[in-house]
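Throughout, a chain's letter reflects where its sequence line sits, starting with A, and its residues are numbered from 1.
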2 protein chains.
Amino acid sequence: MKANYEVKAKFIRGFSDKTRLQILECIKNKEKTVSQIVDELNGNQSNISQHLACLKGCGIIVSRQEGKYIFYSLRNAEIVQLMNIMEAVFVQVEGEVAACDKNDERDCCSKP
Amino acid sequence: MKANYEVKAKFIRGFSDKTRLQILECIKNKEKTVSQIVDELNGNQSNISQHLACLKGCGIIVSRQEGKYIFYSLRNAEIVQLMNIMEAVFVQVEGEVAACDKNDERDCCSKP
DNA sequence: GAATTATATTAGCATTCGCTAATATGTGTG
DNA sequence: CACACATATTAGCGAATGCTAATATAATTC
């Protein structure tokens, strides 16, 4: 059981950003074009585009072109399942994690 | 269905680092002390300690003290399940994600 | 209680990351 | 072909992150 932790970390990092989580939620049930996503999230086109590239590079989403539109969707059902389990586990610890945030200037992770 | 994406992202970020993934794997089946982990991973004590604090702050692991030792273990069975699913989904996309790494200097996510 | 061992914290640095603004590419339309 | 619209890319900045080395705290042992 070898393990490439670097690459695995990169994969998971795809999920570890608030904007990317919103994008994933946004396209979870239905493929959407970039501009639809930008609209729904009320986001910046460049920013969303970059996050989409990230998610694609991480193997989390796929795209298909239709005329001048590009539709993005989750890669497959396993990704959906993973998102659901993440959510389920997250709600268990949410309070604790949020609390950890409160009392420090440097991030919870590296912070003293 | 409200959603605090900031906090959720922070939770997931706990899993998105190669050292933390190694730590989690290391204590997956059995609680371990800091020095055991440091030894097994051949790591830096300060570094490991900081990552443990991060994982704890993210609600992923818990600790208990026994004399001068502090034992760390995964928070609960759901975390194990999440790790397993992450692994299962990861192996599907591993090749692709690794490839994405190759050809760029800036990170896969933000990189041109 | 001095020395030892185990762990945590701090500080500082180099790198990565996420964002915005500007520009480029590509595709359809008059 | 000129123009509009959809998306991608680039550059640059400030903030977050991960690392190491040094120091602090806490519990243990002699």
| query | Between atom CD in A:Gln50 and atom C1' in D:dG12, what is the gap in whole Å? | reply | 12 Å

| Once you round it to whole Å, what is the distance between P of C:dT16 and CZ of A:Arg20? | 15 Å

| Per the atom types in the model, does the base of D:dT7 pair as donor or acceptor with the side chain of A:Ser46 at under 3.5 Å? | no

| query | side-chain contact (heavy atoms from CB on, under 4.5 Å) with B:Leu24: which residues, sequence neighbours excluded? | reply | B:Phe15, B:Leu55, B:Ile60, B:Ile61, B:Leu74, B:Met83

| note | From NZ of A:Lys18 across to C1' of D:dA16 the rounded distance in Å is 12 Å

| field | Residue whose closest nucleotide on DNA chain C lies nearer the 5' end, B:Ser35 versus A:Thr19 | value | B:Ser35

| note | For B:Lys28, the side chain to side chain donor-acceptor pair (under 3.5 Å) test, sequence neighbours excluded, returns B:Asn84

| remark: Whole-Å distance, B:Gln65 CD to C:dT5 P, equals 18 Å

| Same apolar cluster (I L V M F W Y, side chains within < 4.5 Å links), A:Val80/A:Leu21 | yes

| query | For D:dG18, does OP1 or OP2 lie under 4.0 Å from any side-chain N or O of B:Asn47? | reply | no

| task | Scan for ring-ring contact (aromatic ring centres under 6.0 Å, His included) pairs involving residues 53-88 of chain B, sequence neighbours excluded, and state none if there are none. | result | none

| Under 4.5 Å between any side-chain heavy atoms of B:Leu41 and B:Cys26, yes or no? | yes

| query | Taking atom C1' of C:dG18 as reference, at what distance in whole Å does atom CZ of B:Arg13 sit? | reply | 10 Å

| Residue pairs fulfilling salt bridge (charged side-chain N to carboxylate O under 4.0 Å, His left out) with at least one residue in residues 31-53 of chain A, sequence neighbours excluded | A:Glu31-A:Arg64, A:Lys32-A:Glu40

| query | Which parts of residues 36-45 of chain B get close to DNA chain D, meaning a heavy atom less than 4.0 angstrom away? | reply | B:Asn44

| task | Determine which pairs satisfy salt bridge (charged side-chain N to carboxylate O under 4.0 Å, His left out) with at least one residue from residues 50-61 of chain B, sequence neighbours left out, and list them in order. | result | none

| message | Going by salt bridge (charged side-chain N to carboxylate O under 4.0 Å, His left out), name the pairs with one or both residues in residues 69-85 of chain B, residues two or more places apart or in two chains. | response | A:Glu96-B:Arg75

| message | Restricting to ring-ring contact (aromatic ring centres under 6.0 Å, His included), what partner residues turn up for B:Phe90, sequence neighbours left out? | response | A:Phe11

| task | For DNA chain C, find the residues of residues 66-76 of chain A with a heavy-atom distance under 4.0 Å and give them by number; none if there aren't any. | result | A:Gly67, A:Lys68

| query | Expressed in angstrom and rounded to an integer, what is the separation of B:His51 atom NE2 from C:dT9 atom P? | reply | 15 Å

| message | I need the CG-C1' distance between A:Leu55 and C:dC17, as an integer number of Å. | response | 14 Å

| Over how many whole Å does the gap from A:Leu52 atom CG to D:dT9 atom C1' extend? | 14 Å

